[in-house]
K.L.:
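What follows is a structure written as structure tokens; I'll ask about it next.
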Amino acid sequence: MRVASGAGGQRPPTLTIVASGNGASALPVGMRLLRRGGNALDAVEACARIVEADPTDTSVGRGGKPNVLGIVELDASIVDGTTHRVGAVAALVGYLYPITIARAVMERTPHVMLVGAGAARFAREIGAAKAQNLTASTRELWVERLRKAHETPASVRRRARLLPVVRKTVREERGTVNFLAIDGAGHIASAVTTSGWAYKYPGRVGDSPIVGAGNYCDTRYGAAACTGFGELAIRNVTAKTAVDRLAKGIAPVEVARLAVADANVLDDAAFNIVVLAADGTHASATNREGRRYCFMTADMEEPVTTAREVVR
Ligand code: GLY
């Protein structure tokens, strides 16, 4: 596959990592890795692991908000934009680094995605790091949300019918972190990891592990990843559509706007996208005020966090 080498094929690729706003603290680690000649796949995985292990981010990994039964179910995917190898896990319980398990699915199995008990079994088989992902504070938040729905942990676990409770427990809480990177050889990779929609129905899978929906990249054209209401990214196949638009020569800023406009046609729920073109240009759009994304290039000492363009 042809690898981008900057405008006109003359300049070396600009080392770049772009992420959702909650990924900013991880960018220096990813950039250090790229500066030392590391590849994009290693960089996005390293960045994702930092947020997965951070208990203060309640939308990802350890400390992520649980499903309605108080179980933290994690989704993640990783894409190699040069080989189009992909790996994903969904509804994974009890492990610290879902992104690394997704990468192992990609590199060590004949499959692209493992879910639920099978994903956990595989994680155990490869000796992945275990974790109790429900922290004291996210447990407290869960109990409080149940209380507002006139339930308790014991009552909800006894229920035969969860749907009426889920209708009361779910609100607009669907954070996620994503990382898109270009390395020194011009290769592009992308990683997305999340605890999904807070207080969801058990087994609900969002867009983050669905390659083409919440995560996609192609080294020839660029990368895109979504946060927000994942069901919309699945219905619109948003990330693949965005990369297809980059392939047609549409600028990242317009690609990002179009993706949010597509989501707005389906629903008025929160939706965000980050887009990175193979030449290092990037953009982000959202349909909510105050949402941010971040980026870092080789010449920067620190990441910059900036506003996403709002598309109504
Ligand atoms: N975008 C994350 C989710 O919907 O699960």
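Both counts, for ligands and for their atoms, begin at 1 and track the order of listing.
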K.L.:
We want to know whether Thr219 and Thr82 form a side-chain donor-acceptor pair, criterion being a heavy-atom distance below 3.5 angstrom.
P.N.:
yes

K.L.:
Show me which atoms of ligand 1 lie under 4.0 Å from any heavy atom of Ser208.
P.N.:
2 (C)

K.L.:
To which protein heavy atom is atom 5 (O) of ligand 1 closest, and what is the distance rounded to 0.1 Å?
P.N.:
Arg204 NH1, 2.6 Å

K.L.:
Which residue pairs pass the ring pair (Phe, Tyr, Trp, His ring centres under 6.0 Å) test with at least one member in residues 105-142, sequence neighbours excluded?
P.N.:
none

K.L.:
Can you name the one residue among Arg291, Arg257, Arg292, Arg288 that meets salt bridge (Lys or Arg N to Asp or Glu O under 4.0 Å) with Glu309?
P.N.:
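Exactly one candidate clears the test, Arg257.
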
K.L.:
Identify, by atom number and element, the atoms of ligand 1 in contact range of Gly228, meaning under 4.0 Å from any of its heavy atoms.
P.N.:
1 (N), 2 (C), 3 (C), 4 (O)

K.L.:
Is the charged tip of Arg145 near the ring of Tyr199: under 6.0 Å from the six-membered ring centre and within 45° of its axis?
P.N.:
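Checked: cation-pi criterion not met.
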
K.L.:
Return the option from Thr176, Asn178, Val60, Val205 holding the heavy atom at the smallest distance from atom 2 (C) of ligand 1.
P.N.:
Thr176

K.L.:
When you compare ligand 1 with Gly230, is there at least one nitrogen or oxygen pair between them that comes in under 3.5 angstrom?
P.N.:
yes

K.L.:
Can Arg49 and Glu52 be counted as an ion pair, charged N to O under 4.0 angstrom?
P.N.:
no

K.L.:
Taking only heavy atoms of Gly206, which atoms of ligand 1 are found under 4.0 Å from at least one of them?
P.N.:
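Counting atoms of ligand 1 from 1, those under 4.0 Å from Gly206 are 5 (O).
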
K.L.:
Please could you name the atoms of ligand 1 that Asp207 approaches to less than 4.0 Å, counting only its heavy atoms?
P.N.:
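Heavy-atom distances to Asp207 below 4.0 Å select 1 (N), 2 (C), 3 (C), 4 (O).
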
K.L.:
Please name all residues satisfying ring-ring contact (aromatic ring centres under 6.0 Å, His included) with Phe271, sequence neighbours left out, ordered by chain then number.
P.N.:
none

